[in-house]
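For reference, the structure is listed below as structure tokens.
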There are 2 protein chains.
Amino acid sequence: MFGHIDYKNPPELCPVRDVMSVASDQWSALIILWLGYFPVLRFNKLKKFVYGISNKVLSQRLKVLEADGYIQRKAFAEVPIRVEYSLTDFGQSYVEKLLELAEWMQTNSPKVLANREKYGLL
Amino acid sequence: MFGHIDYKNPPELCPVRDVMSVASDQWSALIILWLGYFPVLRFNKLKKFVYGISNKVLSQRLKVLEADGYIQRKAFAEVPIRVEYSLTDFGQSYVEKLLELAEWMQTNSPKVLANREKYGLL
DNA sequence: TCATTCGGTTACTTTTTGTAACTTACTCTA
DNA sequence: TAGAGTAAGTTACAAAAAGTAACCGAATGA
């Protein structure tokens with residue numbers, strides 16, 4: 001990530017950046033965090049928890065997160081169709097890290113909001 | 001973040017989301033990580049490390065990160081002007097958390113790339 | 001027969017990003 | 001003394017991503 005990598009390298013030679021930008025994207029993070037809290041969620045339920053996300057973006061992100069191995073998609077041939085999303089073991093290991101970050105945010109967001117306000121007055 | 005918050009709340013009532021979306025944005029994260037590695041960086045140096053970022057976005061992000069209290073900006077009245085960016089104590093405490101995430105990514109990005117490839121074959 | 005359900009997709013608009021040229025004000029070089 | 005270079009950005013314009021809202025198919029229940 002740092003000193004040992006030639007900073008002139010194009011980003012496609014830095015998979016960490018690529019992977020991180022998917023996994024820590026705002027919507028992806030929320031999806032993963034909610035799936036960490038509720039082991040199984042269906043599309044519309046997930047959409048309610050990840051408040052404000054659109055069908056389009058939710059379905060895009062779910063595909064990418066599935067491709068990257070964080071989540072699993074199980075479709076049941078019922079009518080109407082039922083689809084269940086859940087974390088993989090890999091996703092579970094990630095959500096633990098992510099949760100630490102979320103907790104830091106929970107603790108520190110008041111400071112940030114205070115900073116913002118102070119900054120606005122300058 | 002979770003069960004104790006009514007998921008119907010509009011996002012503007014969830015400061016954690018707001019703050020997190022700024023701080024864990026791809027470019028913001030890279031800026032903060034590099035400033036964690038080099039205690040002081042000037043605009044153009046930072047731009048080289050955060051490979052691929054444009055002047056516009058770099059200057060936007062620096063302003064937001066300054067407003068939120070993660071970084072400090074010091075301008076020296078020289079010619080040509082010299083501007084030094086560095087982490088605040090608050091930013092320093094954040095970069096430690098962020099670094100854990102980056103390390104997880106460093107370790108696990110090969111798995112993600114492998115998953116992606118497998119997924120592509122399905 | 002007609003509205004409802006679920007898990008999306010599609011066409012279209014708006015917002016965000018990226019690109020690249022330009023700026024300011026002074027100094028160094030030819 | 002004309003011209004180029006420098007640092008830290010800004011600006012106008014183009015491209016990409018995200019948001020919006022209507023629509024889909026197949027079956028079920030009223």
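Chain letters run A, B, ... following the sequence lines, proteins first and then strands; every chain starts at 1. Values in this document were obtained by computation on a predicted structure and should not be read as measured data.
For Gln60(A), the listed nucleotide lying nearest its side chain is dA18(D); candidates were dA8(D), dT10(D), dA18(D).
Annotation: side chain of Gln72(B) is not in contact with side chain of Leu87(B) (no heavy-atom distance under 4.5 Å).
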Run Asp68(A) and Lys111(B) through salt bridge (Lys or Arg N to Asp or Glu O under 4.0 Å) and show every step you take.
CA-CA 8 Å; Asp68(A) 279 12; Lys111(B) 290 181 202 163; over 6 Å; no
Test Lys45(B) against Phe49(B) for side-chain contact (heavy atoms from CB on, under 4.5 Å), laying out the working first.
CA-CA 7 Å; Lys45(B) 208 74 170 149; Phe49(B) 288 122; 3.8 Å; yes
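The cluster map of Ile, Leu, Val, Met, Phe, Trp and Tyr, joined by side-chain heavy atoms under 4.5 Å apart, puts Val83(B) and Val40(B) in different clusters.
One atom, CG of Leu62(A), and another, C1' of dA18(D), lie 16 Å apart when rounded to the nearest Å. Per the geometry, CD belonging to Glu78(A) stands 17 Å off C1' belonging to dG29(D), to the nearest Å. Regarding Lys48(B), its NZ atom lies at a distance of 16 Å from the C1' atom of dG9(D), rounded to whole Å. Counting to the nearest Å, the C1' atom of dA7(D) and the NZ atom of Lys74(B) are 19 Å from each other. We find that CG of Leu58(A) is positioned 14 Å from P of dT20(D), with the value rounded to whole Å.
Note on Lys63(A) versus Glu66(A): no salt bridge recorded, every NZ/NE/NH1/NH2 to OD/OE distance being 4.0 Å or above.
Side-chain N/O atoms of Trp27(A) include none lying less than 4.0 angstrom from OP1 or OP2 on dA17(D). For the OP1/OP2 pair of dA8(D) and a distance below 4.0 Å, the side-chain nitrogens and oxygens of Lys56(B) include no atom meeting the criterion. Note on Arg73(B): every side-chain N or O is 4.0 Å or more away from OP1 and OP2 of dA8(D). Look at Tyr85(B) and you won't find any side-chain N or O under 4.0 angstrom from OP1 or OP2 of dA7(D).
The closest donor-acceptor contact from the side chain of Thr88(A) to the backbone of Gly69(A) lies under 3.5 Å.
Running 5' to 3' along DNA chain C, contacts with non-hydrogen atoms of chain A at under 4.0 Å begin and end at dT5(C) to dA11(C).
Nearer the 5' end of DNA chain C, as judged by each residue's closest nucleotide, is the contact made by Arg82(A), out of Asn55(B) and Arg82(A). Map Ile81(A) and Ser54(A) each onto its nearest nucleotide of DNA chain D; the residue landing nearer the 5' end is Ser54(A).
The side chain to side chain contact (heavy atoms under 4.5 Å, CB included) with Leu62(B) is formed by just one residue from the set Tyr70(B), Trp27(B), Phe43(B); it is Phe43(B).
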